[in-house]
Amino acid sequence: MSGLPQHYVGFFELVQDALSGLVRLEHLHVSPPVKVCAVDASYSDGLGRAGCVVVSLPDWQVHEERSAELEVLFPYVPGFLYLREGPLVVECVRRLRGEFSVLVVNGHGVAHPRRAGLASVVGLLLSVPTVGVAGSLLVGEPRWRGSVGDVVLGEEVVGRCYRTPGGREYFVSPGHLTDLETVDELIDVTGTRLHELVKLAHVTASRRPSSRSAGA
DNA sequence: GCGACAG
DNA sequence: ATCTTGTCGC
């Protein structure tokens with residue numbers, strides 16, 4: 001019922017533990033104007049498709065879009081999203097030709113049971129700065145201070161949270177080569193619309209690839 | 001044993 | 001995530 005062979009779960013946990021030991025949370029200064037890349041995945045039948053989009057801030061101009069399709073081999077299991085979406089995301093971002101400062105991943109970074117969510121794993125494998133943006137918490141609890149706040153895990157602040165005018169809540173955590181301050185700076189630039197970057201990536205991931213990919 | 005649980 | 005009609009609101 002778990003969706004993953006029981007005896008493999010422990011192994012995948014070890015892999016994730018090893019990866020989390022390689023995660024480096026260091027400051028990446030983000031100030032406008034800056035190009036960021038957002039990535040997300042979509043599914044149809046047994047096919048998965050990731051889409052990524054490079055957007056400049058604060059003008060929100062789209063500079064490049066790319067996508068990648070792969071057969072889906074893993075089910076979704078909380079805590080193991082990297083097995084399902086990691087390959088898709090990595091392949092998609094690798095197809096980008098242009099540059100970007102930070103990769104925004106739909107999922108958690110270090111706000112994870114083993115401190116290595118999809119955003120962290122992808123950042124490690126691609127050696128690029130990443131942050132994770134999620135619509136709900138996997139672990140930890142929010143400490144609201146108005147429309148923004150901290151995501152606390154034990155005694156440690158592992159991320160930030162913010163509430164949109166519409167009441168939606170989002171949780172942001174560093175993935176790799178970024179830190180809480182980077183997250184704050186990103187939220188400063190995008191306001192309460194950081195998740196809209198992921199939304200753009202989702203549109204790209206949902207759109208079937210045109211004969212030849214688009215770029216700048 | 002029971003509930004929680006990114007996408 | 002994804003499958004879908006109706007419905008609420010600017």
Side-chain angles (χ1 to χ4, degrees), chain A residues 1-4 6 9-10 12-13 15-17 19-20 23 38-53 67-93 103-125 130-142 149-154 156-176 178 183 186 193-208:
Chain A
M1 295 298 191
S2 70
L4 280 181
Q6 302 300 322
V9 173
F12 290 137
E13 283 178 349
V15 171
Q16 216 166 12
D17 283 336
L19 290 176
S20 70
V23 170
V39 61
D40 188 25
S42 69
Y43 303 89
S44 58
D45 303 312
L47 188 69
R49 181 163 53 229
C52 58
V53 52
S67 64
E69 295 179 326
L70 253 59
E71 179 184 359
V72 181
L73 299 181
F74 289 90
Y76 164 68
V77 178
F80 298 90
L81 183 61
Y82 80 105
L83 294 175
R84 183 175 171 81
E85 298 194 348
L88 281 166
V89 170
V90 168
E91 175 57 29
C92 183
V93 175
L103 180 65
V104 178
V105 180
N106 188 9
H108 290 295
V110 296
H112 181 279
R114 289 170 291 285
R115 307 299 175 78
L118 178 64
S120 298
V121 175
V122 167
L124 279 166
L125 299 182
T130 59
V131 300
V133 179
S136 62
L137 285 174
L138 182 56
V139 292
E141 56 181 61
D150 300 330
V151 172
V152 179
L153 190 52
E156 184 183 358
V157 176
V158 295
R160 308 251 114 111
C161 54
Y162 66 85
R163 185 143 35 207
T164 68
R168 289 291 198 167
E169 299 176 347
Y170 291 93
F171 310 88
V172 193
S173 59
H176 181 53
T178 63
V183 170
L186 263 179
R193 303 172 47 193
L194 181 57
H195 62 283
E196 289 185 22
L197 288 169
V198 169
K199 211 171 182 180
L200 289 176
H202 187 65
V203 171
T204 300
S206 302
R207 186 165 47 214
R208 19 188 350 174

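Residue numbers start from 1 in every chain, and the chains themselves are labelled A, B, ... in the order their sequence lines are given, proteins ahead of strands.
- A cation-pi arrangement is present between A:R114 and A:F80, with the terminal nitrogen or guanidinium carbon under 6.0 Å from the aromatic centre and inside a 45° cone about the axis.
- Taking atom NZ on A:K199 and atom P on C:dA1, their separation rounds to 11 Å, with Å as the unit.
- Contact annotation for A:Y170: no contact, since no heavy-atom pair falls under 4.0 Å across all strands.
- Two residues are said to be in side-chain contact when any heavy atoms from C-beta on lie closer than 4.5 Å; A:V172 and A:L186 fail this criterion.
- We find that NE2 of A:H108 is positioned 15 Å from C1' of C:dA1, with the value rounded to whole Å.
- Taken to the nearest 0.5 Å, the OH atom of A:Y82 stands 11.5 Å off from the CG atom of A:L124.
- A:F171 places its CZ atom 15 Å from the C1' atom of B:dG7, with the value rounded to the nearest Å.
- Atoms CG (A:L118) and C1' (C:dA1) sit 13 Å apart, rounded to a whole Å.
- Look at CG on A:D40: it is 9 Å from C1' on C:dA1, rounded to the nearest Å.
- Residue contacts shown for A:G132 are absent, as no nucleic acid heavy atom lies under 4.0 Å away.
- To the nearest angstrom, P of C:dA1 lies 11 Å from OH of A:Y76.
- Separation of the A:F74 and A:F12 ring centroids falls under the 6.0 Å cut-off.
- Considering OG of A:S42 and CG of A:L88, their distance stands at 8.5 Å, rounded to 0.5 Å.
- In DNA chain B, no run of at least 3 Watson-Crick or G-U pairs (N1-N3 plus N6-O4 or O6-N4, or N1-O2 plus O6-N3, all under 3.5 Å) shows up, so the stem list is empty.
- Contact between the side-chain N/O atoms of A:S42 and the OP1/OP2 oxygens of C:dA1 is not found at any separation under 4.0 Å.
- Atoms CG and CG, on A:L138 and A:L118 in that order, are 11.5 Å from each other to the nearest 0.5 Å.
- A:R49 places its CZ atom 16 Å from the C1' atom of B:dG7, with the value rounded to the nearest Å.
- Contact between the side-chain N/O atoms of A:H202 and the OP1/OP2 oxygens of C:dT2 is found at a separation under 4.0 Å.
- The side-chain heavy atoms of A:P75 and A:L4, taken from C-beta on, include a pair separated by under 4.5 Å.
- In this structure, A:S136 does not reach the B:dC5 phosphate: none of its side-chain N or O atoms is under 4.0 Å from OP1 or OP2.
- As judged by a 4.0 angstrom heavy-atom cut-off over every strand, A:L137 is placed among residues touching the sugar-phosphate backbone only.
- Rounding to whole angstrom units, CD of residue A:E13 and P of B:dC5 are separated by 18 Å.
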Per-residue pairing states of DNA chain C in dot-bracket (Watson-Crick or G-U under 3.5 Å; . unpaired, | other strand) read ..........

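- A:E85 places none of its side-chain heavy atoms less than 4.5 Å from the side chain of A:V105.
- Atoms CG and CD, from A:D150 and A:E141 in turn, are 11.0 Å apart once rounded to the nearest 0.5 Å.
- Checked against B:dG7, C:dT2, B:dA6, the side chain of A:Y43 finds its nearest nucleotide in C:dT2.
- Under the 4.5 Å side-chain criterion, counting only non-hydrogen atoms from C-beta, A:R115 is in contact with A:L153.
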